[in-house]
Amino acid sequence: MVKKIIVLLAILFFAVGNISAQEKLIEKANNKYKSYAFSPAIDIYTKVIEKGFVSAELLGKLANSYYFNADYKNASVIYKRLVTEFEADVTAEQYFKYAQTLRTLGEYDESNAILEKFYDVASSGDKALFSKDTVASSEKIKANTDKFKISKFKYNSAHNEFAPTFFKEGLLFSSDRDTGNFAKYRHTWNSRDFLDLYKVNVDSVSLDKVAKLDKNVNTRYHESTSAITKDGTTMYFTRNNYKDGKRVKDSDGVVRLKIFRADYVDGMWTNITELPFNSDSYSVAHPALSSDEKTLYFASNMPGTLGQSDIFSVSINDDNTFGTPVNLGNKINTEERETFPYVSNEDILYFSSDGHLGLGGLDIFATKIANNNFTGSIVNVGEPVNSNMDDFTFIFDSENRNGYFASNRKGGIGEDDIYALVENEPLVLDCVQEITGTVRDKISNEILVGAAIKVIDENNEEISSTIMRSKGVYNITLDCNQGNFVRAVVEGYVPSEKYLNKSNGEPQVIDFYLERDKVTAGAGDDLAKLLQLSTIYFDLNKFDIRPDAEIEIQKVIVAMEKFPSLKIKVNSHTDSRGKDSYNLWLSQKRAEATVNYMVSKGIDASRLQGEGFGETKLVNKCENGVPCTVKEHQLNRRSEFIIIE
């Protein structure tokens with residue numbers, strides 16, 4: 001049984017900090033506490049729910065708070081309660097987010113069950129926010145099923161064969177077939193010794209016969225992945241780090257990998273030199289050439305790597321010198337492993353990863369290179385090329401529409417086997433949609449310069465991002481072959497997002513109006529607005545606390561419990577109907593009822609005041625003699641919570 005792949009990287013974790021820095025953080029936190037820096041999200045909502053005051057809106061906001069903080073475990077708990085207790089009020093978007101959290105937690109059966117409920121809601125009227133056939137699930141990967149037909153490579157052995165490379169009329173590949181060793185860690189940075197490079201059907205010597213490359217290339221150490229120029233005169237290949245016939249280890253005792261270059265002269269590989277950006281302290285491996293052969297792609301864990309290994313590019317100058325390696329960025333690279341790049345003549349980058357959504361282990365992905373930018377969609381090439389095991393070292397002949405890859409899937413002859421492939425139909429890679437808009441404060445309508453606008457795919461993975469500049473308009477593109485969330489995020493504000501279904505790429509304008517997450521309050525401020533409470537209304541000619549008002553008042557109570565020095569004045573109002581004197585009395589009773597309710601829930605009476613203003617402070621035009629609707633009059637029957645200390 002093939003052992004699980006282990007990536008042995010020398011990763012340094014720097015613990016930076018000192019007592020002085022921590023004291024400053026504590027002081028900063030204390031200052032925010034004293035200035036009433038409220039967080040009307042998780043802490044407030046949780047305590048209100050713990051007190052037994054629950055609504056669909058409250059659960060939805062709490063679940064979303066966890067969701068946006070990537071706390072999917074707690075999000076799933078609250079979404080489940082929302083679905084269980086308030087099923088009739090659950091929106092399509094809430095079902096969708098619930099299904100996404102379950103997928104993230106690996107609970108696929110439960111996720112599929114919720115998706116079925118999502119389908120029911122999303123297919124009805126105005127609630128059809130998403131299309132059933134574009135919902136993110138493992139089915140999206142399976143949509144690429146049978147893009148290729150695969151078959152076994154007849155030159156496999158009982159040992160390991162992988163890393164195929166086109167050369168002349170045949171192939172080069174890596175194997176340990178006659179070294180007497182199994183390369184158990186062949187996919188890791190410190191690959192074991194005794195892998196060599198072989199050729200087949202390259203020349204008369206190797207016609208229908210596997211033969212080793214000459215001893216200038218193969219040493220008693222490890223040689224592996226290679227890339228060869230189209231004219232066949234230059235080869236780049238991976239080899240263990242060694243000097244003067246001895247392996248070189250880094251400070252952690254790891255033998256790193258390096259890329260070497262060789263010239264093909266009179267049927268022999270010669271002039272073997274290592275590339276200048278190799279290092280004894282990190283690995284550089286798995287070379288691949290761009291279609292114009294002016295750029296070399298490779299995998300490394302050099303400084304600047306985002307994950308366990310990243311894919312980099314470096315320019316090849318006309319004099320065969322090199323530029324500075326550049327990380328391909330977080331669209332390609334994740335916190336996990338990205339490795340084994342290959343670029344076709346159509347400028348499609350293929351690579352292996354276990355950081356992007358796959359079927360298990362390393363999967364092979366493809367993305368279009370456009371002007372050396374990697375902003376297009378990243379596509380899992382699907383089954384049968386990908387499996388639940390490791391699939392890697394993919395190469396493809398764009399002219400003949402065939403290629404090869406390696407896998408350690410069941411049914412092979414050795415641990416790693418090479419498989420041949422033929423394309424049945426092309427992968428769909430390009431569909432770019434332009435999104436523009438603004439991000440504003442919901443209350444002040446102020447443009448939020450510095451806001452981050454992110455494109456999140458249906459697997460909760462960030463695809464791209466941009467920043468709102470001083471001009472006040474953002475611009476971002478996304479892959480319209482799939483559904484995406486466009487999310488606006490600003491420090492101190494609750495994130496907001498809009499889902500966009502797959503489309504024909506027509507530009508769209510999306511404006512965001514964000515609610516503040518943390519606000520600093522002072523004397524005279526309306527706590528109801530600062531906490532973004534729903535307005536507390538009263539029925540006509542009544543002053544008793546309605547059930548919907550209880551939930552909002554509970555949020556104020558929690559805030560007062562959190563900040564013991566906070567004192568509040570309850571200002572209550574009526575509409576204009578009825579006599580002025582009666583309305584003044586009624587509003588005073590509403591203020592007293594609100595104060596008494598809060599006292600009954602444990603708030604000291606000395607911290608509360610109440611005053612009725614009758615119809616003297618209307619919020620709209622509905623004065624005496626002005627005809628207004630019932631809804632317009634309702635807006636004036638309200639209570640406010642003014643901070644007095």
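Atoms considered below: every heavy atom in the structure, side chains included; atoms not considered: hydrogens, waters and symmetry mates. In what follows, residues are counted from 1 in the order of the sequence shown.
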Checklist entry - Can we say Asp347 and Lys368 salt-bridge, meaning some charged N sits less than 4.0 Å from an Asp/Glu carboxylate O? => result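 Here Asp347 does not pair with Lys368 in a salt bridge, since their nearest N and O are not under 4.0 Å apart.
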
Checklist entry - Are Lys147 and Glu423 ion-paired here, with the side-chain N under 4.0 Å from a carboxylate O? => result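 No salt bridge links Lys147 with Glu423.
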
Checklist entry - Can you say whether the rings of Phe312 and Phe298 are parallel (under 30°), tilted (30 to 60°) or perpendicular (over 60°)? => result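 Judged by the thresholds at 30° and 60°, the geometry between Phe312 and Phe298 is parallel.
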
Checklist entry - Could you state the interatomic distance from CE (Met302) to OG (Ser309), rounded to the nearest 0.5 Å? => result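 If we round to the nearest 0.5 Å, Met302:CE and Ser309:OG are 12.0 Å apart.
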
So that I know where these two stand, are [X] and [Y] an aromatic pair - ring centroids less than 6.0 Å apart?
| X | Y | value |
| --- | --- | --- |
| Tyr419 | Phe153 | no |
| Phe351 | Phe340 | no |
| Phe167 | Trp269 | yes |

Checklist entry - Can you find a pair of side-chain heavy atoms, one from Thr436 and one from Pro507, that are under 4.5 Å apart? => result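 Not in contact.
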
Checklist entry - What pairs with Ser226 under side-chain hydrogen bond (donor to acceptor under 3.5 Å, both in side chains), at least two apart in sequence or on another chain? => result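 Per chain and number, Ser226 pairs via side-chain hydrogen bond (donor to acceptor under 3.5 Å, both in side chains) with Thr165.
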
Checklist entry - With Ile272, which residues qualify under side-chain contact (heavy atoms from CB on, under 4.5 Å), at least two apart? => result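 Asn216, Val217, Phe237, Arg239, Phe260, Ala262.
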
Checklist entry - Do you know which of Arg337, Glu338, Lys331 makes side chain to side chain donor-acceptor pair (under 3.5 Å) with Thr334? => result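 Testing Thr334 for a side chain to side chain donor-acceptor pair (under 3.5 Å) against Arg337, Glu338, Lys331 leaves exactly one candidate, Glu338.
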
Item to check | Shortest non-hydrogen contact from Leu289 toward Val343 | outcome: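 So the minimum-distance heavy-atom pair works out to O-CB, 3.5 Å.
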
Item to check | Pi-cation contact, Tyr499 with Arg487 (under 6.0 Å, within 45°) | outcome: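 That pair does not qualify as a cation-pi contact.
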
Checklist entry - Just checking, Arg256 and Tyr282: is the charged tip under 6.0 Å from the six-membered ring centre and within 45° of the axis? => result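 No, cation not above the ring by the 6.0 Å, 45° rule.
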
